[in-house]
Amino acid sequence: MQETLERKSIKNIDFNCDLAQSYGIYKNNVEFELLDYVSSVNISCGFHAGDPVTIKEALLKAKEKDVAIGAHIGFNDIQGFGYRPVELKEDELEALVVYQVGAIMSFAKAYGLSIEHVRPHGAMYKMAGENFDFSCAIAKAVKKCSDWLVYFAPCGDITEKVAETVNINVARELMLEKTYNADLTVDYSKDDNTNNYELIKRVQHLIHTSQIRNNLGGTNFVEVDTIHFSNKYKNSIDLIKEARALITPAPVNYNNVKTSGWVD
């Protein structure tokens, strides 16, 4: 079995990035440049970032590029850009998620678009990768919005268990710039790696072996459906261009249908 796993290569994968990561005078002009290379986008819902005009622009740009669209949900913390943890009861978290997803779903419908997935941001993403109950609560709230929505969550055992427990479609995500622990949680004590040479080597290794290196110097086999590309760094465009030269990405739902045999 080990020998088989070592030769396992990835044939289908999604590339995603965040859009509408702006608010008021703060603008992120890099994010739209990534649209030519991703297959999915996560559009902020106005809580941690995004205002109505910015969200509309992001939706229309995504429509123009024909990429899959998702809701990028976060804590109501524009001042902290959603990176500060917030303790909420399950019903409060449910309301927070449903409100944001519902807003983007309605906004998208006005322009003949539909939402395919939901991805947490910042502190919410971190908590989803470390706390099973918290991640389950998000997944349950997402499912209340639509049974068809895919929950984008950190790769690892917690997301696998959430998928089974809540009976929801998940996309297991790898963040290239992050350092991973041996249990596949993110080591947030480490600075982001912005060395494109090293990051492309990580992509190559992942595609060919389904493995990533951990912070102990070993490797982990990992199930990955989507790779997140940050728009925070100056070399983000160069990185995604090089990654796209290695494999052509496709949206998660399309890859799921392809795997099932419905399309060639």
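Worth saying up front: this structure is predicted, and the values here are computed from it rather than measured. Residues: numbered from 1 along the sequence shown.
Between Ile212 and Thr219, the closest side-chain pair of non-hydrogen atoms is not below 4.5 Å. Using a 4.5 Å heavy-atom cutoff, the side chains of Asp14 and Ser39 are in contact. In this structure, the side chains of His228 and Leu174 stay at 4.5 Å or more apart for every pair of heavy atoms. A 4.5 Å side-chain heavy-atom check between Val222 and Leu206 finds at least one atom pair inside the cut-off. Side-chain contact between Leu59 and Ile55 is present, with heavy atoms from C-beta onward closer than 4.5 Å. In this structure the side chain of Lys178 reaches within 4.5 angstrom of the side chain of Asp192, judged on heavy atoms. Proximity of Thr185 to Tyr180: side-chain heavy atoms (C-beta onward) are nowhere separated by under 4.5 Å. Counting heavy atoms from C-beta on, the side chains of Lys109 and Ile115 never come closer than 4.5 Å.
Applying the 6.0 Å contact sphere to NZ of Lys143 captures more than 12 heavy atoms from other residues, nucleotides or ligands. Counting non-hydrogen atoms of other residues, nucleotides and ligands closer than 6.0 Å to CG of Asp91 gives a total above 12.
Rounding to the nearest 0.5 Å gives a distance of 14.0 Å between CD1 of Ile207 and NZ of Lys8. Atom NZ of Lys56 is separated from atom CG of Leu60 by 6.5 Å, given to the nearest 0.5 angstrom. To the nearest 0.5 Å, atom OG of residue Ser44 and atom NE2 of residue His121 are 7.0 Å apart. Here Ile200 contributes atom CD1 and Leu176 contributes atom CG; the two are 7.5 Å apart, rounded to the nearest 0.5 Å. Remark: Arg213 CZ to Glu198 CD distance equals 11.5 Å, nearest 0.5 Å. In this structure, CZ in Arg244 is found 12.0 Å from CG in Leu246, a value given to the nearest 0.5 Å.
Each of Trp148 and Ile69 belongs to its own hydrophobic cluster when Ile, Leu, Val, Met, Phe, Trp and Tyr are linked at side-chain heavy-atom distances under 4.5 angstrom. Under a hydrophobic-cluster definition in which Ile, Leu, Val, Met, Phe, Trp and Tyr are linked whenever side-chain heavy atoms come within less than 4.5 Å, directly or via other members, Val101 and Val150 are assigned to different clusters. No continuous path of hydrophobic side-chain contacts links Phe152 to Phe47 [ILVMFWY only; heavy atoms under 4.5 Å]. Criterion: ILVMFWY side-chain heavy atoms under 4.5 Å apart, direct or through other members. Under it, Val98 and Leu96 are not part of a common hydrophobic cluster. In terms of hydrophobic clustering, with Ile, Leu, Val, Met, Phe, Trp and Tyr side chains grouped at heavy-atom distances under 4.5 Å, Leu35 and Phe229 are assigned to a common cluster.
At distances below 3.5 Å, at least one donor-acceptor pair connects side-chain atoms of Gln100 with backbone N or O atoms of Gly74. Counting only distance, with no hydrogens or angles, the side chain of Ser9 and the backbone of Thr209 share no donor-acceptor pair below 3.5 Å. Side chain of Thr159 to backbone of Cys155: no donor-acceptor contact under 3.5 angstrom is found.
No side-chain donor-acceptor contact under 3.5 Å links Glu177 and Tyr233. For Asn181 and Asn215, the side-chain atoms include at least one donor-acceptor pair closer than 3.5 Å. Side-chain polar atoms of Gln211 and Asn220 form no donor-acceptor pair below 3.5 angstrom. Using a 3.5 Å distance cut-off with no hydrogens or angles, the side chains of Asn42 and His117 do pair a donor with an acceptor.
When every heavy atom of Thr194 is checked against every heavy atom of Asn235, the shortest pair comes out as O-ND2, 2.7 Å. The shortest heavy-atom contact between His72 and His48 is O-CE1, 3.5 Å. Nearest approach of Ser135 to Ala128, heavy atoms of both residues: CB-O, 3.4 Å. Between Leu199 and Asn193, the closest heavy-atom pair is CD1-O, 3.3 Å. The minimum heavy-atom distance between Cys45 and Ile73, with the atom names listed, is SG-CG2, 4.1 Å. In this structure, Ala171 and Val252 approach most closely via the heavy-atom pair CB-CG2, 3.9 Å.
Between Tyr37 and Phe15, the ring centre distance reaches or exceeds 6.0 Å.
In summary, Arg119 and Asp18 engage in a salt bridge, as defined by a charged side-chain N under 4.0 Å from a carboxylate O. Between Glu33 and Lys241 there is no salt bridge, since none of the side-chain N atoms of the basic residue sits less than 4.0 Å from a carboxylate O of the acidic one. A salt bridge links Arg172 to Glu160: at least one charged side-chain nitrogen sits closer than 4.0 Å to a carboxylate oxygen. The pair Lys126-Glu130 meets the salt-bridge criterion, with a side-chain N (NZ, NE, NH1 or NH2) lying under 4.0 Å from an Asp/Glu carboxylate O.
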Test side-chain contact (heavy atoms from CB on, under 4.5 Å) applied to Leu88 and Phe75, step by step = CA-CA 10 Å; Leu88 297 172; Phe75 291 127; 3.9 Å; yes

Check step by step if side-chain contact (heavy atoms from CB on, under 4.5 Å) holds for Glu173 and Val224.
-> CA-CA 6 Å; Glu173 182 187 84; Val224 177; over 6 Å; no

Check against side-chain contact (heavy atoms from CB on, under 4.5 Å), Ile227 and Ile13 = CA-CA 8 Å; Ile227 299 176; Ile13 200 160; 3.7 Å; yes

Audit row: Tyr151, Ile138, side-chain contact (heavy atoms from CB on, under 4.5 Å) steps and yes/no = CA-CA 9 Å; Tyr151 174 34; Ile138 294 177; 3.6 Å; yes

